[in-house]
Enquirer: 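For reference, the structure I am asking about is given below.
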Protein chains: 2
Amino acid sequence: MPKTPLQLIQRCHSTPTVSCSQCRLASICLPISLHVEDVDRVDSIIQRGRPLQKGDYLYHAQDKFHAVYAVRSGTVKTIASTNDGKEQVTGFYLPGEILGLDGVATNVHTNSAIALETSAVCEIPFDKLDELGAHIPNLHRHMFRLMGREIGTEQQLITLLSKSNADERVATLLLSISSRNGRRNLSVTSFRLPMSRADLGNYLGLTVETVSRTLSRFQKQGLIEADKKEITITNLDALRKLADISLFDCA
Amino acid sequence: MPKTPLQLIQRCHSTPTVSCSQCRLASICLPISLHVEDVDRVDSIIQRGRPLQKGDYLYHAQDKFHAVYAVRSGTVKTIASTNDGKEQVTGFYLPGEILGLDGVATNVHTNSAIALETSAVCEIPFDKLDELGAHIPNLHRHMFRLMGREIGTEQQLITLLSKSNADERVATLLLSISSRNGRRNLSVTSFRLPMSRADLGNYLGLTVETVSRTLSRFQKQGLIEADKKEITITNLDALRKLADISLFDCA
DNA sequence: CGGCGCCTTGACTTGCATCAAAAGTAGTGG
DNA sequence: CCACTACTTTTGATGCAAGTCAAGGCGCCG
């Protein structure tokens with residue numbers, strides 16, 4: 001069976017030996033403003049572990065915080081548990097994106113991170129990153145920006161949860177995945193949703209049934225084609241009109 | 001008419017001349033880990049403006065980001081506007097708390113900040129704070145922690161909006177205000193809600209009517225006494241049981 | 001082939017929104 | 001000081017979007 005371009009790319013990113021300077025995702029994950037030699041210095045502190053299998057934990061809530069993680073391939077979700085046993089999916093992280101910034105405040109992770117499929121991540125020890133910041137002027141700036149982006153993304157989710165109906169929520173999430181694929185030069189109209197309907201609903205504050213119904217309706221209305229997790233957006237403009245865009249554009 | 005202790009404290013904090021090392025709120029707003037001389041250096045870059053009147057904007061969305069702000073007295077809310085005209089209240093900031101960290105990511109504020117009552121703030125220029133960080137080892141750490149705390153608070157709000165009913169939301173907010181008052185050594189059982197029912201509902205993803213009804217019911221159930229904005233919690237344990245605590249404890 | 005997850009679809013219920021109106025409160029100016 | 005307006009809060013009546021409960025289908029894997 002021949003490999004699709006997507007699979008080739010993913011295999012490429014999973015290769016544990018590729019350095020930051022050679023990584024196709026560096027423009028997303030690393031600051032553009034770093035000099036070549038600085039990239040190499042960052043590179044030198046990064047640990048590249050073996051891939052995570054679906055369902056594997058990258059870290060658990062209550063674990064001591066010592067590193068942030070860049071997704072190299074696959075997808076990772078983060079979840080927060082309330083003390084009455086409910087779980088909230090707090091984010092989905094695609095290749096090139098950074099997770100683990102919860103925990104900066106208290107030095108303990110408040111979320112757990114779980115691979116949604118076979119995934120590879122780069123581990124970036126936070127204290128070493130901090131030290132390195134003393135010698136690379138833009139690095140602290142970049143880290144602030146990363147955290148700021150997380151804050152912005154979360155505020156958009158808050159607005160979505162607080163003010164939008166099911167249609168707007170689902171449409172917004174589809175467009176978010178779409179545009180984040182675009183940043184990695186993948187198709188914005190045709191992609192695979194890496195998460196289950198249950199995770200999707202959990203993230204969006206909806207039940208599985210509502211997510212399913214909404215997607216079915218979108219399909220009937222000719223906005224998308226959905227075959228299990230494979231999504232094709234057939235009417236991008238209409239979907240954009242449904243979602244309150246401006247949300248998640250740069251997530 | 002004699003001044004209540006609360007009024008005296010607030011007057012004290014509004015005094016534009018009080019330095020960080022003399023400020024009662026320093027333990028909340030500044031890192032405990034800073035040395036005395038470092039506090040003075042931070043103090044030297046802080047601008048103290050004249051008080052904001054109710055309704056005054058501290059900054060507008062789209063304003064260039066150049067500073068963060070510490071609330072000295074009063075209360076400030078932040079709001080994000082969606083491009084279809086809706087507004088989302090993204091946070092309430094009480095004395096000692098820091099706002100304005102949106103904007104770090106893009107150097108442009110994404111929220112607007114508005115005084116809910118007569119308020120005084122300290123303006124802390126961000127680039128100077130960043131520079132100072134090169135000489136004060138713990139300062140960057142502290143800034144990371146501040147942003148991390150913001151991320152944590154937002155995740156708790158996300159969980160609240162996504163998983164809780166009206167009772168839990170309102171109860172949680174009351175407890176949040178209560179415990180934040182406690183940090184300032186004010187009463188945890190008796191306080192004034194600085195925001196309108198509309199702002200409260202907006203923040204919690206509820207309508208004004210629902211907030212009002214919920215508070216009325218809490219009162220009938222003997223959980224609180226509510227006289228306009230003056231709230232007295234008469235059954236703290238029951239309220240805690242209603243809310244899923246763990247949320248907002250350290251907000 | 002059977003069991004187990006995940007997804008979809010239908011029927012019914014419900015918590016909160018919406019609509020409406022009145023009462024309370026604050027602000028303003030004569 | 002009161003009259004006037006404008007806003008905020010409360011309370012009631014009604015409707016609806018999404019949740020709940022239930023059943024069946026599909027793909028996957030041992």
Side-chain angles (χ1 to χ4, degrees), chain A residues 1 53-55 75 77 86-89 114-118 160-174 192-221 224-231 242-244, chain B residues 53-56 75 77 86-89 114-118 160-174 192-221 224-231 242:
Chain A
M1 186 175 163
Q53 297 305 312
K54 177 174 178 172
T75 316
K77 73 171 173 182
K86 288 177 287 193
E87 280 184 350
Q88 172 68 36
V89 174
I114 305 170
L116 291 177
E117 54 190 326
T118 305
L160 197 69
L161 291 171
S162 172
K163 300 278 179 296
S164 298
N165 61 24
D167 282 15
E168 291 166 347
R169 295 187 202 190
V170 174
T172 302
L173 182 117
L174 291 176
R192 182 183 160 81
L193 282 182
M195 69 292 285
S196 70
R197 302 284 192 267
D199 282 335
L200 231 159
N202 187 310
Y203 180 69
L204 295 174
L206 301 170
T207 58
V208 196
E209 294 94 326
T210 300
V211 171
S212 178
R213 275 187 252 269
T214 305
L215 287 174
S216 299
R217 192 153 22 76
F218 281 0
Q219 182 152 12
K220 279 204 198 82
Q221 295 168 342
I224 63 170
E225 291 287 324
D227 174 32
K228 271 199 61 77
K229 306 203 163 177
E230 292 295 334
I231 301 286
L242 242 183
D244 179 31
Chain B
Q53 295 306 311
K54 177 175 178 172
D56 285 353
T75 316
K77 71 171 174 183
K86 287 177 288 195
E87 280 185 350
Q88 172 67 37
V89 173
I114 305 170
L116 291 177
E117 53 190 326
T118 306
L160 197 70
L161 291 172
S162 172
K163 300 279 180 295
S164 299
N165 61 26
D167 282 14
E168 290 167 348
R169 295 186 202 191
V170 174
T172 302
L173 182 116
L174 291 176
R192 181 184 163 80
L193 283 181
M195 69 291 285
S196 70
R197 301 285 192 266
D199 282 335
L200 231 159
N202 186 312
Y203 179 70
L204 295 174
L206 302 169
T207 57
V208 197
E209 293 94 324
T210 300
V211 172
S212 178
R213 274 187 252 271
T214 304
L215 287 174
S216 298
R217 192 154 22 77
F218 282 180
Q219 182 150 13
K220 279 202 199 83
Q221 294 167 344
I224 62 170
E225 291 287 324
D227 174 32
K228 274 208 54 81
K229 308 205 161 174
E230 293 295 334
I231 302 286
L242 242 184

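In what follows, chains carry the letters A, B, and so on, assigned in the order in which the sequence lines appear, proteins first and then strands, with residues in each chain numbered from 1.
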Enquirer: How far does CD of A:Glu168 sit from CG of A:Leu242, to the nearest 0.5 angstrom?
Expert: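 Reported to 0.5 Å precision, the distance equals 7.0 Å.
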Enquirer: Can you tell me how far CD of A:Glu117 sits from NZ of A:Lys77, rounded to the nearest 0.5 angstrom?
Expert: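 The CD atom of A:Glu117 is 12.5 Å from NZ of A:Lys77, to the nearest 0.5 Å.
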Enquirer: Considering every strand and a 4.0 Å limit on heavy-atom distances, what is the contact class for B:Leu206: base, sugar-phosphate, or nothing?
Expert: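 The residue B:Leu206 makes sugar-phosphate contact but no base contact.
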Enquirer: Which nucleotide of DNA chain D is the first, and which the last, in the 5' to 3' direction, to come under 4.0 Å of a heavy atom belonging to chain B?
Expert: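 The contacted stretch runs from D:dT9 to D:dA13.
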Enquirer: Rounded to whole angstroms, how far apart are CZ on A:Phe218 and C1' on C:dT8?
Expert: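 Rounded to the whole Å, the gap is 16 Å.
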Enquirer: Separation of A:Arg197 atom CZ from C:dC7 atom C1', in whole Å?
Expert: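 Nearest whole value for this atom pair: 7 Å.
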Enquirer: Has the side chain of B:Arg213 got a donor or acceptor atom sitting under 3.5 Å from an opposite partner on the base of C:dT18?
Expert: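 Yes, the side chain and the base share a sub-3.5 Å donor-acceptor pair.
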Enquirer: Under the criterion side chain to side chain contact (heavy atoms under 4.5 Å, CB included), which of A:Leu193, A:Val170, A:Thr214 is the partner of A:Leu200?
Expert: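 That would be A:Leu193; it is the only one of A:Leu193, A:Val170, A:Thr214 passing the side chain to side chain contact (heavy atoms under 4.5 Å, CB included) with A:Leu200.
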Enquirer: For C:dA17, take OP1 and OP2 only and decide whether either is under 4.0 Å from a side-chain N or O of B:Thr207.
Expert: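 Yes, such a contact exists.
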Enquirer: Please check this pair: side chain of B:Lys54 against backbone of B:Ile114, looking for a donor-acceptor N/O pair closer than 3.5 Å.
Expert: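 Here the side-chain-to-backbone pair does not exist.
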Enquirer: Starting from P on C:dG15, measure out to CZ on B:Arg169 and report it in whole angstrom.
Expert: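 Value for this atom pair: 14 Å.
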Enquirer: Using a cut-off of 4.0 Å on non-hydrogen atoms, how would the nucleic acid contact of A:Ser216 be classed: base, sugar-phosphate, or nothing?
Expert: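 Touches sugar-phosphate only.
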Enquirer: Specify the residue among B:Val211 and A:Val211 whose closest nucleotide of DNA chain D lies further upstream toward the 5′ end.
Expert: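 Whichever sits nearer the 5' end wins; that is B:Val211.
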Enquirer: To the nearest angstrom, how far is A:Lys220 atom NZ from C:dT9 atom P?
Expert: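 Value for this atom pair: 6 Å.
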Enquirer: In whole Å, I'd like the distance from the NZ atom of A:Lys228 to the P atom of C:dG5.
Expert: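 Distance check: A:Lys228 NZ to C:dG5 P gives 15 Å.
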Enquirer: Could you tell me if the side chain of B:Arg169 sits less than 4.5 Å from the side chain of B:Leu161, heavy atoms only?
Expert: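 When only atoms from C-beta onward are counted, B:Arg169 and B:Leu161 do touch, with a gap below 4.5 Å.
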Enquirer: Apply the side chain to side chain contact (heavy atoms under 4.5 Å, CB included) test between B:Val211 and each candidate in B:Val208, B:Leu215, B:Thr207; give the one that qualifies.
Expert: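 With B:Val211 as partner, side chain to side chain contact (heavy atoms under 4.5 Å, CB included) holds for just one option, B:Leu215.
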Enquirer: For a quick check of understanding: with a heavy-atom distance under 4.0 Å over all strands, which category does B:Gly205 fall into, base, sugar-phosphate or nothing?
Expert: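 Sugar-phosphate, no base atom in range.
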Enquirer: Contact class for B:Lys54 (heavy atom, under 4.0 Å): base, sugar-phosphate, or nothing?
Expert: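 Result for B:Lys54 = nothing.
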Enquirer: Both B:Asn165 and A:Leu215 contact DNA chain C. Which one's nearest nucleotide lies toward the 5' end?
Expert: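 Result: A:Leu215.
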Enquirer: NZ of A:Lys229 versus P of C:dG5: gap in Å, rounded?
Expert: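 Spelled out: NZ on A:Lys229 to P on C:dG5 is 15 Å.
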Enquirer: Under 4.0 angstrom, heavy atoms only, what part of the nucleic acid is A:Ser196 near: base, sugar-phosphate, or nothing?
Expert: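 Answer is sugar-phosphate: A:Ser196 comes under 4.0 Å of backbone atoms only.
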Enquirer: Can you tell me how far OG1 of A:Thr210 sits from CZ of A:Arg197, rounded to the nearest 0.5 angstrom?
Expert: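 Interatomic distance, A:Arg197 CZ to A:Thr210 OG1, rounded to 0.5 Å: 13.0 Å.
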Enquirer: Without decimals, in angstroms, what is the distance between B:Leu161 CG and C:dG15 P?
Expert: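 After rounding, the gap between these two atoms is 19 Å.
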Enquirer: Round to a whole Å and report the spacing from CG of B:Leu204 to C1' of C:dG15.
Expert: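 Those two atoms, CG and C1', are 16 Å apart.
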